[in-house]
Q: 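Let me give you the structure first, and then I'll get to my questions.
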Protein chains: 4
Amino acid sequence: MESPKQPLGRPRDSRVDDAIRGAVRELIAEVGYAGLTVDAVAARAGVGKAAIYRRHASRVELVFAGLVHDREPHPLPDTGSLHGDLTGLANVIVKSFSDPVVAAAIPGLLADLKQHPDTAERFQRTFIAMERGQVSGILQRALVRGELTVEADPVLVHATMLGTVFAWTFLLDRQPGPELVERIAALTAAGLTGGGPGRPVG
Amino acid sequence: MESPKQPLGRPRDSRVDDAIRGAVRELIAEVGYAGLTVDAVAARAGVGKAAIYRRHASRVELVFAGLVHDREPHPLPDTGSLHGDLTGLANVIVKSFSDPVVAAAIPGLLADLKQHPDTAERFQRTFIAMERGQVSGILQRALVRGELTVEADPVLVHATMLGTVFAWTFLLDRQPGPELVERIAALTAAGLTGGGPGRPVG
Amino acid sequence: MESPKQPLGRPRDSRVDDAIRGAVRELIAEVGYAGLTVDAVAARAGVGKAAIYRRHASRVELVFAGLVHDREPHPLPDTGSLHGDLTGLANVIVKSFSDPVVAAAIPGLLADLKQHPDTAERFQRTFIAMERGQVSGILQRALVRGELTVEADPVLVHATMLGTVFAWTFLLDRQPGPELVERIAALTAAGLTGGGPGRPVG
Amino acid sequence: MESPKQPLGRPRDSRVDDAIRGAVRELIAEVGYAGLTVDAVAARAGVGKAAIYRRHASRVELVFAGLVHDREPHPLPDTGSLHGDLTGLANVIVKSFSDPVVAAAIPGLLADLKQHPDTAERFQRTFIAMERGQVSGILQRALVRGELTVEADPVLVHATMLGTVFAWTFLLDRQPGPELVERIAALTAAGLTGGGPGRPVG
DNA sequence: CGGTAATCGAGACGGTACGTCTAGTCTTAAA
DNA sequence: TTTAAGACTAGACGTACCGTCTCGATTACCG
């Protein structure tokens, strides 16, 4: 009847997990994703390489796990308006891209995900699905409020919010800041509702 | 007095350039960007590695040059409306992302650009600046037409158009198609002008 | 007054000793000395690695103990002649080298002994000293009989008998057999006594 | 018609061969065969690991090649007597075992040869066959002189000479010296011819 | 009978070498 | 000076093994 039975053998040492995660974050901050080597992580963490490969099948998973750790949903409260809700979402996205460790890792991680379908799928199920759920919630509430009269595609809205921040940061090579949050929210809200006539965006 | 002097020694063989470019494109299609090795390119092209490095300073530049080749400005004609112009632009962006070779190369290329500031700057000066110029033109014409009453930031609009397609393709892992062109153009145009009230997007 | 006191705690399980020894011998026969791993021994014996290292300080000692087990002195009876005694000794040596497990282990074991002075010394005190004692006895009896008129160095005679079999087996890569026993004994006896004039050996 | 044509590409750099060989010999002298690592050889030689593996398929071949280099036949002159010829041969064997690099490498090399049939065969064809040829010559000359009246097996004599030195050095753990040369030659010559009656050996 | 202590199988731990692979540079002879 | 071919240095990769340590469970003796 005791299903969660203790597995045989010496149990994993959680301090090793922490040390690995810490080393990954430190090293990404210092040498970037491309400069990160598994040997360096092991040395920095004071850990054998076997301990790393026992936990992570590849360098991608290692970094992914280092970034994902306890990043829970962020419920995004109902602000009472579509514009407010989108501002909240944009803020969360910009915030996460502002973590220097995350920012240094994302392009390389995205590239390597092509070689690791399992991790890619986990990325989809974790981050992407979660954020899309938030977008859906926002659009649903706007529909109930009457701000929207027709259903909008949450995937497109998600792509717009996320992609704009991504492009701003990695393709156009600019620092995302609070003013970007406001402008993205305004543009998207206007695009969905029609907004005020001639409302400027730039 | 003869400035475009013929350089000394054996002139470069332009068939070598073509063979390299062809091999790069073939190999990216077959094994992806991460699986591409310079030795493989040399072997496939029937060319020595020195011939490659004489032309391209690094693997990144090699791939970059392979993708860029004869991709000229595309003047983007004035369609007479902001929505039409944005549709044209969105179409160009989606088209370029639809080339399977380009699509297979972009994430890895973007990641490696972080390690190669020179190539990154060239990427900015070439593609990014060119597309931003097109966005500026579109917004300027809309202002002249009276569709816009206030100046909009071309960088933000560019980030929205480009980023939405990028996110759709590489973050949300979906195929971009003609319907995406229309929906991006509509959302952006509405966002800029305020659009019709309650105009749906999804 | 009770010196062989029972030690505290759970006593060692002698079936574990047997299982380890058996696994070592099986695995050496199957994969050779170089291919033998402690993990494989543990797995084959159905035993934890700690149980092995509790008994043996290193891989070398593990194998050494596996080969040595109950290999008692073999008193080598007085046959009444030097030639007969040497034949008996040569026979023992060839016999021990003919055990396929021993033969598969010896070269690697000898190499690793250089890294393990303790085990090397134990090897000297056990095998080498014992065999040298037998050689000394044989030479002593021959002296008493009058077959020898001057004392011979037992170390050199030992080196000749043991080394010839070793070289035959591991350097010249031949199977040692009964005829080798006779020829070694004849050559050595003749070398010690002067033998019959022109007595052939090959 | 020019068969030894220059192969394509950059030719091997003979200084690299020398540096590798030198590093192998230095390191064996310093840390022994077991302590020798390919990385250390590469570092000491100032050479990439690829340059080593391009030349040697394994660590064994690397060491073997390091020891073998220009070790030519040593014609062993006819001294006019079996005893003199055998002394000459014993001297060559003891000399080669006296090289500290060779002595440090032999047991490990011998062990690893079991895992590398190709190198083992090369060892047989090179050293073993050459020395056996010398033994054959010595026995043949003794037969012509009348010192031997019946043919003796060169393989057994070879095993005796080589094995005695080997056992003395590696099994009995003693330094071989000039007196060993004389005693081995005397014992073997006496064994073959019958020698003087009661001629002592020790 | 309950406590103490060494044992057991299982397997995680740090460390380290292996042999492979790649990037970017250099060196040939021939063109 | 270019070409194809391929050797060069440097260094990361993922695997494997050693000898140690840690876990819960077991098995004896001691009091």
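By convention in this document, chain letters (A, B, ...) are assigned in the order of the sequence lines, proteins followed by strands, and residues within each chain are numbered from 1. None of the values given here were measured: they were computed from a predicted structure.
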Q: Could you give the CG-to-P distance, from B/L27 to E/dA23, as a whole number of Å?
A: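 Interatomic distance, CG of B/L27 to P of E/dA23: 12 Å.
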Q: Counting C-beta onward and ignoring hydrogens, is there a side-chain heavy-atom pair between C/F127 and C/V68 closer than 4.5 Å?
A: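 Yes - at least one pair of side-chain heavy atoms lies under 4.5 Å apart.
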Q: If you go through the side-chain atoms of C/R10, does one of them form a donor-acceptor pair with the base of E/dA6 closer than 3.5 Å?
A: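 No pair found.
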Q: Nearest heavy atom decides the nucleotide; on that basis, is D/R54 or B/D13 closer to the 5' end of DNA chain F?
A: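 It is B/D13 whose nearest nucleotide is closer to the 5' end.
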Q: Check the distance between E/dC18's C1' and D/H116's NE2 and give it to me in whole angstrom.
A: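 Value for this atom pair: 12 Å.
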Q: I need the single residue from D/L109, D/L27, D/T119 that forms a side-chain contact (heavy atoms from CB on, under 4.5 Å) with D/V63. Which is it?
A: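 Checked D/L109, D/L27, D/T119 against D/V63; only one passes side-chain contact (heavy atoms from CB on, under 4.5 Å): D/L109.
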Q: Does the distance from a Lys or Arg side-chain N to an Asp or Glu carboxylate O, for D/D18 and D/R21, drop under 4.0 Å?
A: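 Salt bridge present between D/D18 and D/R21.
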Q: What integer distance in Å separates A/R44:CZ from E/dG14:P?
A: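 In whole Å, E/dG14 P and A/R44 CZ are 16 Å from each other.
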Q: Could you state the atom-to-atom distance from CD1 of A/I20 to C1' of E/dC13 in whole Å?
A: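 A/I20 atom CD1 is separated from E/dC13 atom C1' by 11 Å.
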Q: Just by modelled atom types, is the C/A51 backbone N or O under 3.5 Å from a matching donor or acceptor in the C/R55 side chain?
A: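 Yes, the answer is positive, given that a donor and an acceptor are paired below the 3.5 Å cut-off.
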Q: Between F/dT9 atom P and D/R15 atom CZ, what is the distance in whole Å?
A: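 Rounded to whole Å, this separation is 10 Å.
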Q: Both C/L8 and A/S14 contact DNA chain E. Which one's nearest nucleotide lies toward the 5' end?
A: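 That would be C/L8.
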Q: Quick one: do B/D17 and B/R12 make a salt bridge, cutoff under 4.0 Å?
A: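 Between B/R12 and B/D17 there is no salt bridge, as every charged N stays at least 4.0 Å from the carboxylate O atoms.
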Q: Figure out the NE2/P separation between B/H56 and E/dA23, and round it to whole Å.
A: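 Whole-Å distance recorded here is 14 Å.
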Q: DNA chain E: A/R12 or C/P11, which has the more 5' nearest nucleotide?
A: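 Of the two residues, C/P11 wins.
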Q: Using a heavy-atom cut-off of under 4.0 Å over every strand shown, decide if D/R55 touches base, sugar-phosphate, or nothing.
A: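 Touches sugar-phosphate only.
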Q: Is any side-chain N of the basic residue among B/E30 and B/R44 closer than 4.0 Å to the acidic one's carboxylate O?
A: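 Between B/R44 and B/E30 there is a salt bridge, with a charged N closer than 4.0 Å to a carboxylate O.
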Q: When B/I52 is tested against each of B/V24, B/L62, B/D39, B/V16 for side-chain contact (heavy atoms from CB on, under 4.5 Å), which residue passes?
A: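 Exactly one pass, corresponding to B/L62.
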Q: Just how far, in rounded Å, is P of F/dA12 from CG of A/D112?
A: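 It works out to 16 Å between those atoms.
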Q: What nucleic acid atoms does B/S58 come within less than 4.0 Å of, heavy atoms only: base, sugar-phosphate, or nothing?
A: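 Sugar-phosphate, backbone atoms only, no base.
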Q: Rounded to whole Å, how long is the line connecting atom CD1 of A/I52 with atom P of F/dG14?
A: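 Taking atom P of F/dG14 as the reference, CD1 of A/I52 is at 11 Å.
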Q: Can you tabulate the close N/O pairs, meaning under 3.5 Å, that link protein atoms to atoms of nucleotides 15-18 of chain F?
A:
from: F/dC18; atom 1: OP2; to: C/V38; atom 2: N; distance (Å): 2.9

